[in-house]
Amino acid sequence: MIQEHRYVVVGAGPAGLQIGYFLRERGADYVIVERERSAGGFFGRFPRHRRLISLNKVRTWSDDPEIRLRWDWNSLLSDDSSLLFADYSDDYFPSPDDLRRYLTDFHTTHDLRIAFGTGVSRVICKEGGFRLETENGQEIQAECLIWAGGWGGPNIPDIPGIEHAEGYEDMVVDPEPFRGKRVLILGKGNSAFETAHALHDHASMIHLASPRPVRLAWNSRHPGDVRGSYGALLDSCHFSALHALLDCTVERITFDGATYTADIVHNHAGGEHETLEYDAVLRCTGFRMSTEVFADGLRTTPGGRLPAITSDWESANLDGLYIAGTMMQARDARRGSSAFIYGFRYNLRTLSRLLAERYDGVRLPRTPVPRAALAGSVLDRVNRSSALWAQAGYLVDALVITEHGIDRYEELPEDYAVERFGDLVTVGLRQSREPDPDDLEAAALAVERRPLPGATESEAIHPAVRVFRNGVLTSELHLPDSVIAQWRHPDRHMAPLKSFFDRLLPL
């Protein structure tokens with residue numbers, strides 16, 4: 001028997017549950033298919049050392065549930081105010097086991113339609129949608145396919161001898177076998193630091209190696225970079241306590257049955273070659289999306305780790321396939337927070353609205369804003385919205401001037417809003433971040449860009465209003481930051497905003 005649904009969601013992790021909730025709330029024809037027998041299976045295995053890096057700040061100064069979500073990185077969005085992750089853990093860096101309990105309760109409380117034990121083995125494009133072949137022999141037809149399957153497998157670098165390295169996905173987590181040992185860790189991201197941190201008090205020497213320098217969230221302000229909780233390990237590296245960060249290319253790994261040998265070329269010191277010996281080699285080089293399941297091929301970004309997607313999160317080459325969850329970071333890597341529940345929960349609320357418009361004929365929600373109340377309305381949004389806060393620099397409110405007045409479309413990716421409307425004003429929060437040294441195009445733009453009239457960008461998070469004409473940024477206003485994240489001062493915030501709008505849209 002063939003099942004047919006308008007929407008099929010693959011994966012019952014946080015993203016699958018979140019988009020499933022929005023589909024259910026509007027009465028859509030949907031089903032979620034999940035290979036495992038429970039929700040959130042990824043968090044039963046990862047992170048390997050059982051601490052998340054997503055914040056869980058239980059105590060805040062505000063009683064407003066919308067504002068409190070700014071510091072709750074793990075809750076999913078729903079109308080049930082009693083179903084929040086803060087009730088499952090008090091830990092600032094919580095256990096993934098608590099997250100799994102929360103996801104299970106979210107699924108059962110909202111009675112989401114999930115077919116557990118249904119792994120997808122093949123996705124085939126067909127006229128008007130997709131045909132999914134499952135591991136249990138069942139076929140499912142979808143008009144719209146939402147891929148919330150997360151990371152599919154490890155990202156394995158092309159290094160001769162890489163098979164000698166033990167992978168993060170199945171490495172021994174007990175640090176005792178590494179007591180007094182020399183350990184090489186391939187990678188310098190959070191999984192590498194997580195592993196090194198667990199070995200810090202046991203191993204005699206830990207080297208973390210990758211071609212690029214370590215990116216510290218302290219400097220970049222990007223939540224996906226190495227977090228401050230690994231400060232003790234960084235101290236050891238900086239104070240020459242035998243642990244080290246190697247900016248190098250590993251050319252070859254060999255193993256003689258007792259000792260691992262790594263041939264490396266240093267990025268510094270004139271490209272000096274060196275051969276180092278270790279007692280263990282661990283591979284912590286991240287994950288990649290599995291694309292083999294797509295019979296018609298899924299286009300990916302350079303490097304093959306992430307899917308190539310358009311500004312509304314649709315596959316760049318498979319019409320009707322939408323990407324949900326951490327893979328959404330393909331659009332805002334190192335700018336927004338789409339790699340985290342904290343960010344993609346808002347993306348998915350917007351995606352649900354876009355899908356309702358495309359497949360169900362439901363017009364994209366908009367709110368008329370009187371011109372006389374515009375400045376106050378903008379400040380109300382930036383002072384309260386958790387979406388604009390979490391996705392600073394990515395999601396914005398779009399103000400579109402029509403012959404009837406001003407319409408506000410909330411929480412759209414700025415690039416999508418510009419493509420769709422052309423002439424508009426965007427309102428959001430922004431924060432200066434280090435340019436990605438590996439993104440030469442972005443680095444060049446950062447060097448060449450000259451401030452536009454009225455643009456005085458602060459380093460801390462702050463409101464920003466940007467004006468586009470025919471898709472081109474023509475002016476912008478950055479309001480001063482605030483140590484308490486409140487932007488309502490009559491002289492510092494309201495007056496310059498009103499003046500900006502008076503010049504742009506005279507009454």
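On a predicted model such as this, the values are computed, not experimentally measured, just so you know. Below, each value reflects all heavy atoms present in this structure, side chains not excepted, and no hydrogens, waters or symmetry copies.
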Please check if any side-chain donor atom of [X] sits under 3.5 Å from a side-chain acceptor atom of [Y], or the reverse.
X: Trp389; Y: Tyr342; value: yes
X: Tyr394; Y: Asn347; value: no
X: Asp64; Y: Ser62; value: no
X: Ser386; Y: Tyr346; value: yes
X: Glu34; Y: Thr118; value: no
X: Gln431; Y: His462; value: no
X: Asn155; Y: Thr285; value: no

Parallel, tilted or perpendicular, judged at 30° and 60°: which one describes the rings of Phe255 and His164?
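Answer is tilted, since the angle falls between 30° and 60°.
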
Do the rings of Tyr88 and Phe85 sit parallel, tilted or perpendicular, given the 30° and 60° boundaries?
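Rings of Tyr88 and Phe85: parallel, as their planes differ by under 30°.
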
Is it true that [X] and [Y] have ring centroids separated by less than 6.0 Å?
X: His107; Y: Phe116; answer: yes
X: Tyr322; Y: Trp147; answer: no
X: His197; Y: His49; answer: no

Hey, does the Lys NZ or Arg CZ of Arg113 hover above the aromatic six-ring of Tyr30, less than 6.0 Å from the centre and inside 45° of the axis?
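Checked: cation-pi criterion met.
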
Do other residues, nucleotides or ligands put more than 12 heavy atoms under 6.0 Å from Arg252 CZ?
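Counting neighbours around CZ of Arg252, 12 or fewer heavy atoms of other residues, nucleotides or ligands fall under 6.0 Å, so no.
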
Does Arg68 pair with Asp63 as a salt bridge, N-O distance under 4.0 Å?
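No, this pair does not count.
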
Determine, for Arg48 against Asp170, whether the closest basic-nitrogen to carboxylate-oxygen distance falls under 4.0 angstrom.
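Salt bridge absent between Arg48 and Asp170.
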
